[in-house]
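Structure record follows, encoded as structure tokens.
Per chain, numbering begins at 1; letters A, B, ... match sequence-line order.
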Amino acid sequence: MMGSIRLPLHDPLAVIGLGIYLFFIFMAVFAPYIATHDPNEILFTSEFALAADLTPGTEGYILGTTTLGRDIFSQIVWGARSALLIGLTAAFMVALIGSIVGIVAGYFGGWVDTVLMRLADVAFGIPFLPFVIVLAAFLEPSIWNVVIAMALVLWRDTGRVIRSQTLTLRNRVYVEAARVSGSSDLKIILRHIAPNVLPLSFLYGSIAIGWAILTEASISFLGFGDPDSISWGYMLQDAFASQALSKGSYYWFVPPGFLIILIVSAGFFISRGYEQILFPKLDR
Amino acid sequence: MTEPLLSLKDLSIAYKVGAHDTIAVEGATFDVQPGSIVGLVGESGCGKTTLARSLTRVLAANARIAGGEAVFCGQDIVALSERAMNGLRWREIAFIPQSAMNSLDPVYTVGSQLAEVLTRRGGMARAAARKRSEELFEWVGIETNRLGDYPHQFSGGMRQRVAIALALALDPKLIIADEPVTALDVIVQRQILDQLRELKERLGISVILVTHDISVVAYVCDRVVVMYAGRVVETGPMAATLTAPAHPYTMGLRNAFPDLAGAAGELTPIEGSPPDLANPPAGCRFAPRCPFAEARCRTDAPELLPYEGDHLAACHRIAEAEALRARAVASETWEIPA
Amino acid sequence: MRDTQDPPLIKLEAAELHFPVGGILAQLQGRSTVVKAVDGVTFELHRGESVGLLGESGCGKTSTGRMLVRLDKATGGRVEFDGEDISALSGDALKRFRSRVQLIFQNPFEALNPRFTIRDVLAEPLENARIPKAEHEDRILRAMALVKLGDATQFMDRYPHQLSGGQLQRIVMARALILEPEFVVADEPVSMLDVSVRAGVLNVFRDVRAKTGITAIYISHDLALVRYVCERTIVMYLGRIVEDGPTEDIVANPLHPYTQALVAAVPVPHPDQSHEPLPIGRGAPDPRNPPSGCTFRDRCPRAFDRCAVEAPGPTRIQNRIVHCHLHAPET
């Protein structure tokens, strides 16, 4: 019964993905020790001038500083925290809401199914990015509101897929057998249905990690992000606004961009592993 | 005896599973005479379906014919080029699957599927193909106005008739039918079997009928080939083989079948289950389940030898067959052998 | 049809199971129809009886079985178990019913959760019936002994895919019997098994009956098998009963034209047998569009005018009930 929550360690790419996550988790947890400066602190050079636009290496700033005199390396390190926070909570909420909705709709069917799936249809009709921006702006721009806004929309895919999986499971002979032997609906769901849909939740959850991080980056880049927390998207926006590109300050916008790509890809690598657990026949 | 239509000699088929080969069929030897129905009987996994399919050379990707020959009308099917084999399929050797639904394309009418076979493979003109289709439908007992229907509009039995019509399309000499009536209800099953028998008599074709049901064999077959765990254990004329089996496995099968015509007697199972073909026992493969097994049965594999005329069996105690038969009737005999 | 004074354990009165076909759109447009899987079935079963439910696929025998164990709720009529209408059961009453009535499934390869060990499988009904955990081991071993799974300890911690079909079907039977139910429905329990192991499972079924006196319904399309395990047989055709009586009488002298065709069609394992054409028309029953009156009349060789207008009611002939105008008293 534990097979459903195992990690996809058989797939080399998934192992790489997990490795990347471990790296980022380490970075996020020990951010205060790894970072050389406070990421929000405005720094000054030894000559008491603003430490603006310093190139990597000067005065001990590993990746240099921003136009406002903040340490880029420290921002990168702290950025891992918000990235993981957003990615994992969004993924968790998406997987949780989607699984509950999908299992309930698929298992009980009837009007419950109709109501929940029409709600999913409504969610499908919402333009994702504008909705998140409006909601985040409306509620006040904070990381949590961004996560809530994403969870409110992204459960639809998970819910749909888990519902269809539940529909096929519900009619399995062994599920009927459990009913005849007197198992309650809750017991059947927990023991016979959930273990078979959990890998699907994880698959959609790991896809949602990437989506959430990308979305947060987009929102921050567009300037609707949380001004108090440093994220890689915010860094890109800062660099863009300070015309880092024309100044040739690659050290400023390449690292956060690269890390976004890296963490999003890692999420997809892991989901590939879950895909192989779920659909072994896809393997060529 | 006339020249056989098909003659198998020591035919073996292997599956590659992981690193090594599993022999699914080992040294199969039997003949099919023109205008006869041969029943290929055995339990699931005994190799009967694999053997039947190998005669059209349509096998799973990991299976291959590992040795022996299958001479059909003077040419060895095993040695034939893929191109020559393709010429043989359907025109000379046709196939009826267990479930016709799998062989019919749901988006075309059965008439257009028949017409396609007749024009593409048979080289017929459209008008001639139309006439032939009607004739085929009449043969298998379907009204010709149903040519325009789609597969899903037919019942299971009717679909099986369509599959027979498709198999007959190009006037084959041999039809291989893989459990063609297993999925059908008894009444429809009987009607399809009557149809097969009538076609055999009218067209003089031969049929290899793969089945697990010795009642089906008793109803339509002229000869029977009994397989167990990849080997032919007994072969002979149907009546002689079923009334006086020479192999203990066939005796056991007979006991395990309920018989509506006789009294409601005892049913006797054969204890145990067939061996794993990846790791078969030495000697006779039936020995672990056989109540008559002796020491040599567990070490030496028996050869297929004549029992009476062209009734052959692969059993070391073939000479005592009559005495064994008498003992095999009692159900105590079949209680788990020590 | 014993004449006993005891009240029947099972009683079906004009029981119906109708399924709507077509989607919501069809229902809104009034185009929807119903498939009458079970269409007015009436019979009684007394304690200790074993009855075969015989018919072709689509005749409603499996649906009747599912209704009897309440996997499906009757859409009309009454289904009674021990004097209670089972459609009305819920909550604790339903739970009690579940421990008294069991179903043996047709396909043992699908009836067991592949993630469960045999021990898990057999423990599930015990947990549901709140049997103390300390008794589980003992109950499981007893159930496995009842179905003659020799060395039970050797199977307990295996998974279904490690067992053969015959062993799996015995486990399925053990699960059905572990709570010592009073009534069991067996839905073609050997149709997925190989011939050589079939007889073993059937013998277990017979022995369990002899030992426990359980009331049983055996669903099958094969009269030869039904005859082996049931003294009484009910023959169904397109959702209705056509004939009901002692199995031996039905085999020796079927009264309904459909039963006659069915008996004639059963293949026997002998070389010498009749090859007469069946006394039945070609074609197949269509549950979506059954003929008016007697649903068998389009295939019946002896149908006459009355068959098209009136569905035949039950006629009692000695210890048998036949639904056929040929046997009906003149009205």
Side-chain angles (χ1 to χ4, degrees), chain A residues 1-6 103 105-121 163-202 274 277-281, chain C residues 23-24 62 65-66 68-72 89-117 120-131 143 159-160 168 171-179 181 183-185 187 192:
Chain A
M1 292 199 54
M2 305 312 289
S4 51
I5 47 174
R6 67 174 192 263
I103 289 177
Y107 184 80
F108 291 102
W111 64 268
V112 181
D113 184 30
T114 310
V115 168
L116 288 173
M117 285 306 106
R118 294 301 79 78
L119 275 176
D121 290 344
R163 169 180 172 268
S164 62
Q165 177 79 358
T166 308
L167 278 179
T168 72
L169 289 169
R170 182 183 66 173
N171 292 326
R172 293 277 162 90
V173 182
Y174 62 79
V175 172
E176 291 199 329
R179 258 167 77 199
V180 173
S181 36
S183 297
S184 62
D185 290 331
L186 185 67
K187 183 170 176 182
I188 291 174
I189 286 175
L190 290 179
R191 290 189 63 179
H192 295 282
I193 308 248
N196 286 301
V197 300
L198 269 184
L200 260 184
S201 321
F202 290 151
Y274 278 117
I277 291 179
L278 279 167
F279 317 109
K281 282 181 189 147
Chain C
I24 290 179
T62 295
R66 290 173 61 91
L68 283 167
V69 301
R70 236 199 81 174
L71 261 178
D72 288 320
L89 296 178
S90 65
D92 278 351
L94 181 60
K95 242 184 166 140
R96 265 198 308 283
F97 171 78
R98 293 266 182 241
S99 68
R100 297 174 68 190
V101 173
Q102 276 299 320
L103 177 65
I104 297 171
F105 288 87
Q106 176 176 14
N107 189 343
F109 301 96
E110 289 177 357
L112 304 173
N113 190 333
R115 295 170 186 276
F116 278 29
T117 63
D120 296 335
V121 165
L122 294 177
E124 192 170 5
L126 296 175
E127 290 164 12
N128 295 336
R130 305 207 178 87
I131 307 279
Y159 287 91
L168 289 176
I171 297 290
V172 170
M173 289 173 77
R175 171 174 61 193
L177 297 169
I178 199 163
L179 291 175
F183 173 53
V184 66
V185 176
D187 186 7
M192 305 298 290

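Residues passing the salt bridge (charged side-chain N to carboxylate O under 4.0 Å, His left out) test with A:D185, sequence neighbours excluded: none.
The structure places CZ of A:R191 at 11.5 Å from CG of A:L186, a figure rounded to the nearest 0.5 Å.
Both the backbone and the side chain of A:R179 come within less than 4.5 Å of a heavy atom of chain C. Residue C:R66 touches chain A through its side chain alone, counting heavy-atom pairs closer than 4.5 Å. For chain A, the nearby part of C:L112 is the backbone; its heavy atoms alone come within less than 4.5 Å.
A donor-acceptor contact closer than 3.5 angstrom links the side chains of A:N196 and C:R115.
Across every non-hydrogen atom of C:F97 and C:V69, the tightest pair is CE2-O, 3.7 Å.
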